[in-house]
Undergrad: 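The structure's right below; bear with me while I get my questions together.
Naming: A, B, ... by sequence-line order, numbering from 1 per chain.
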Protein chains: 2
Amino acid sequence: MVEHSTHLDAVFHALADPTRRAMLGHLAERELTIGELATPFHMSFAGASKHVRVLENAGLVKRTIRGRTHLCRLEAARLAEADVWLKRYERFWSAKLDSLEALLRAEDEAKAKQVKE
Amino acid sequence: MVEHSTHLDAVFHALADPTRRAMLGHLAERELTIGELATPFHMSFAGASKHVRVLENAGLVKRTIRGRTHLCRLEAARLAEADVWLKRYERFWSAKLDSLEALLRAEDEAKAKQVKE
DNA sequence: TCTATACTAAACCATATGGTTGAGCATTCG
DNA sequence: CGAATGCTCAACCATATGGTTTAGTATAGA
């Protein structure tokens with residue numbers, strides 16, 4: 001039952017940092033260079049660059065080198081994988097599905113009662 | 001634009017470990033004690049206990065102490081918060097919404113053209 | 001009461017992380 | 001050419017993380 005060798009470790013780890021989440025937010029608007037990604041944060045250029053690489057290694061960002069500038073764009077496939085993982089738990093917070101579940105459980109109990117009788 | 005002081009840091013960090021994700025998977029089946037949560041993993045009891053506390057601190061698990069055993073149950077509200085965050089990016093991987101977006105963009109361009117003319 | 005069970009706490013270790021600074025490498029531009 | 005720009009790399013630092021072991025507390029049961 002041990003879960004392993006998906007991208008989820010890297011993706012969730014990348015998302016666990018507010019700077020990196022904000023960077024993704026900016027990339028959702030448009031493609032940005034490393035410099036443009038770095039400027040909003042109170043951080044050295046090199047520090048921001050390391051965050052971008054974490055995002056890149058997680059597959060959340062793709063980089064295109066054009067001359068001396070590195071253009072980054074959002075790559076959402078891995079976010080979709082994270083979303084799929086979360087979907088497994090949707091029924092635990094979705095009221096709609098909760099009541100459906102209750103309904104099905106009630107039916108099961110009714111059937112069990114019939115069998116007993 | 002700096003994003004901060006949500007639970008997302010703790011939640012995503014908790015989800016970044018495969019042991020902890022597996023534990024949540026088991027808790028999705030039924031409530032479990034620390035011992036039951038620990039046994040599937042090649043890890044010391046104390047090690048597993050630390051993972052449970054990470055999940056608890058992230059608000060993903062609630063603990064009820066009954067005698068000497070600690071019963072844990074899944075608490076999905078924080079997973080819902082993570083899902084809400086991911087939803088912002090849904091349009092980047094959803095084909096349906098992508099084509100809707102293309103449609104709207106085409107309409108915008110048509111309008112822009114009309115204004116120009 | 002005496003012992004086994006379920007768990008936490010604390011100390012410790014190796015490695016990862018988030019940040020810095022300074023050097024270096026291409027590329028662009030005057 | 002020479003200088004400024006955009007970025008990476010390497011070294012370094014403090015702290016966090018994931019794991020261990022040993023010890024300790026409290027409850028359950030014989």
Side-chain angles (χ1 to χ4, degrees), chain A residues 2-27 30-73, chain B residues 2-27 30-73:
Chain A
V2 177
E3 191 174 2
H4 64 102
S5 84
T6 57
H7 306 292
L8 290 173
D9 286 22
V11 170
F12 282 130
H13 169 251
L15 297 183
D17 184 284
T19 298
R20 290 192 290 260
R21 287 198 306 277
M23 283 178 166
L24 290 179
H26 297 145
L27 287 173
R30 61 182 186 87
E31 299 191 357
L32 293 166
T33 67
I34 307 284
E36 289 169 332
L37 277 171
T39 36
F41 306 102
H42 305 150
M43 190 182 302
S44 70
F45 192 96
S49 169
K50 281 169 95 172
H51 279 300
V52 175
R53 188 164 23 177
V54 171
L55 291 167
E56 200 182 5
N57 289 338
L60 296 170
V61 157
K62 292 290 179 191
R63 178 193 309 241
T64 308
I65 300 179
R66 277 187 69 179
R68 64 185 162 178
T69 74
H70 296 204
L71 244 198
C72 299
R73 73 163 195 282
Chain B
V2 177
E3 191 174 1
H4 65 101
S5 84
T6 57
H7 307 292
L8 290 173
D9 287 21
V11 169
F12 282 130
H13 170 251
L15 297 183
D17 184 283
T19 299
R20 291 192 289 262
R21 287 199 306 277
M23 283 179 165
L24 290 180
H26 297 146
L27 287 172
R30 60 182 187 88
E31 300 191 356
L32 294 166
T33 67
I34 305 284
E36 290 169 330
L37 278 171
T39 37
F41 305 102
H42 305 149
M43 191 183 301
S44 70
F45 192 97
S49 169
K50 281 169 95 173
H51 278 301
V52 175
R53 187 163 26 178
V54 171
L55 291 167
E56 201 182 4
N57 289 339
L60 295 170
V61 157
K62 291 291 179 190
R63 178 193 308 242
T64 308
I65 300 178
R66 277 187 69 179
R68 64 184 161 176
T69 75
H70 295 204
L71 244 198
C72 298
R73 73 164 195 281

Undergrad: Detail all sub-3.5 Å separations between protein N/O atoms and N/O atoms belonging to nucleotides 19-25 of chain C.
TA:
residue : atom : partner : partner atom : Å
C:dG19  : OP2  : A:H51   : NE2          : 2.2
C:dG19  : N7   : A:K50   : NZ           : 3.0
C:dG19  : O6   : A:K50   : NZ           : 2.3
C:dT20  : OP1  : A:S44   : N            : 3.3
C:dT20  : OP2  : A:S44   : N            : 2.9
C:dT20  : OP2  : A:S44   : OG           : 2.8

Undergrad: Is any side-chain heavy atom of B:D9 less than 4.5 Å from a side-chain heavy atom of A:P18?
TA: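 Result yes, sub-4.5 Å side-chain heavy-atom pair found.
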Undergrad: Rounded to the nearest angstrom, tell me the gap between atom CZ in B:F41 and atom P in D:dG18.
TA: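 About 14 Å, once rounded to whole Å.
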Undergrad: In whole angstrom, give the distance that lies between atom CG of A:D9 and atom C1' of D:dG18.
TA: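 A:D9 atom CG is separated from D:dG18 atom C1' by 13 Å.
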Undergrad: To the nearest Å, how far apart are B:L71 CG and C:dA6 P?
TA: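 Rounded to the whole Å, the gap is 13 Å.
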Undergrad: Provide, to the nearest angstrom, the distance between the CE atom belonging to B:M23 and the C1' atom belonging to D:dG18.
TA: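 From B:M23 CE to D:dG18 C1': 12 Å.
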Undergrad: Would you call the rings of A:F41 and A:H26 parallel, tilted or perpendicular, where under 30° means parallel and over 60° means perpendicular?
TA: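 A:F41 and A:H26: tilted rings.
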Undergrad: Does D:dC7 have its OP1 or OP2 closer than 4.0 Å to a side-chain nitrogen or oxygen of A:T33?
TA: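 Looking at the OP1 and OP2 atoms of D:dC7, one of them is under 4.0 Å from a side-chain N or O of A:T33.
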Undergrad: Can you measure B:F12 atom CZ to C:dT17 atom P for me and round it to whole angstrom units?
TA: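 Rounded to whole Å, this separation is 17 Å.
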Undergrad: Any N/O pairs under 3.5 Å between the protein and nucleotides 28-30 of chain D? List them or say none.
TA:
residue : atom : partner : partner atom : Å
D:dA28  : O4'  : B:R68   : NE           : 3.4
D:dA28  : O4'  : B:R68   : NH2          : 3.2

Undergrad: Rounded to the Å, how far apart are B:R53 CZ and D:dT17 P?
TA: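 Atom CZ in B:R53 sits about 12 Å away from atom P in D:dT17.
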Undergrad: Quick one: B:L15 CG to D:dG18 P, roughly how many Å, whole number?
TA: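 Value for this atom pair: 12 Å.
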Undergrad: Judged by atom type as modelled, is there a donor-acceptor pair below 3.5 Å linking the side chain of B:R21 to the main-chain atoms of B:L15?
TA: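 Indeed, once roles are kept as given, a pair shorter than 3.5 Å links the two residues.
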Undergrad: Quick one: pull up CG in B:L60 and CE in B:M23 and give me the separation to the nearest 0.5 Å.
TA: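 The distance works out to 12.5 Å.
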Undergrad: Using side-chain heavy atoms (C-beta onward) and a distance below 4.5 Å, is A:V54 in contact with A:H13?
TA: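 Yes, close enough: below the 4.5 Å cut-off.
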Undergrad: For the CG atom of A:L32 and the OG1 atom of A:T69, what is their distance to the nearest 0.5 Å?
TA: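 Between A:L32 CG and A:T69 OG1, I get 11.5 Å after rounding to 0.5 Å.
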Undergrad: How many angstroms lie between CD in A:E31 and CG in A:L37, if you round to the nearest 0.5 Å?
TA: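 Rounded to the nearest 0.5 Å, the CD-CG separation comes out at 11.0 Å.
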Undergrad: For A:H70, which residues count as a side chain to side chain contact (heavy atoms under 4.5 Å, CB included) partner, sequence neighbours excluded?
TA: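 For A:H70 the side chain to side chain contact (heavy atoms under 4.5 Å, CB included) partners, ignoring immediate neighbours, are A:I34, A:R63, A:I65.
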Undergrad: In whole angstroms, how far is the C1' atom of C:dT5 from the NE2 atom of B:H70?
TA: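 Result: 12 Å.
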Undergrad: Counting C-beta onward and ignoring hydrogens, is there a side-chain heavy-atom pair between B:R20 and B:L24 closer than 4.5 Å?
TA: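 Of all side-chain heavy-atom pairs linking B:L24 with B:R20, none is under 4.5 Å.
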